[in-house]
Every structure is written in structure tokens, then in C-alpha cells.
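For reference, the structure discussed in these notes is given below.
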Amino acid sequence: MYEILCHRPDEDGSHNVVGTEQGQFLADLRIRQENSQAERDGVAYRYYYRTAR
């Protein structure tokens, strides 16, 4: 299980868990989509994933 995190440097600099994915492939696919959308929207959000604790 992988946690999807969002880093919002323009707000309070926090890292928020915004969802989970079952496998590394799905987690990687989701962060690519999220980061592309953030870039299109012109926001400084960055998404990444880590192994769920």
C-alpha cells in the first residue's frame, strides 16, 4: 500500500496524505497525473508517494 502525499509550499508547507494506492505502478501513475494537473492549473503543489506505515 502506498500513500499519496501533496506538498503545498505556497500555503503552510505541509505534506498532506490525499489518498492511497495498492501498488507502486498505480501510485506512480497517480502522482504523474496529479503533478500534470497542478502544472496546468499553475499551482505549486507537488505530489509524491511513500510506503504506507
Side-chain angles (χ1 to χ4, degrees):
M1 184 77 76
Y2 292 86
E3 294 178 329
I4 308 301
L5 294 104
C6 179
H7 178 230
R8 295 178 170 95
D10 56 335
E11 291 177 11
D12 58 1
S14 64
H15 296 74
N16 301 317
V17 176
V18 294
T20 58
E21 290 294 346
Q22 289 293 336
Q24 187 173 3
F25 175 80
L26 293 174
D28 187 57
L29 183 64
R30 180 160 171 192
I31 66 164
R32 287 173 190 255
Q33 291 173 334
E34 296 282 9
N35 284 326
S36 292
Q37 185 63 49
E39 195 173 309
R40 283 194 299 274
D41 291 346
V43 294
Y45 297 178
R46 295 302 301 157
Y47 292 86
Y48 57 98
Y49 64 89
R50 68 178 179 202
T51 304
R53 296 178 185 172

Within this structure, what is the [atom1]-[atom2] distance for the pair [X] and [Y], rounded to the nearest 0.5 Å?
X: M1; Y: T20; atom1: CE; atom2: OG1; value: 5.0 Å
X: R46; Y: R8; atom1: CZ; atom2: CZ; value: 13.5 Å
X: Q24; Y: D28; atom1: CD; atom2: CG; value: 7.0 Å
X: Y48; Y: H7; atom1: OH; atom2: NE2; value: 7.0 Å

Crowding at CZ, R50 (>12 non-hydrogen neighbours, <6.0 Å):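 More than 12 within 6.0 Å, yes.
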
Cluster check V18, V43: I/L/V/M/F/W/Y, side chain < 4.5 angstrom: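 Linked, V18 and V43 end up in one cluster.
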
Single-linkage hydrophobic cluster, 4.5 Å side-chain cutoff, L26 and L5 together: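 L26 does not cluster with L5.
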
pair Y45-E34: side-chain heavy atoms closer than 4.5 Å: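 No; the side chains remain at least 4.5 Å from each other.
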
Any side-chain heavy-atom pair of I4 and V17 under 4.5 Å: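 SC-SC contact between I4 and V17 ruled out.
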
R40 and Q37: side chain donor to acceptor below 3.5 Å: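 Note: R40 and Q37 side chains meet the donor-acceptor criterion.
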
Side chain N35, main chain Y47, donor-acceptor under 3.5 Å: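 Between the backbone of Y47 and the side chain of N35 there is a qualifying donor-acceptor contact (under 3.5 Å).
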
Chi angles and distances behind the side-chain contact (heavy atoms from CB on, under 4.5 Å) call for R30, Y2: CA-CA 11 Å; R30 180 160 171 192; Y2 292 86; over 6 Å; no

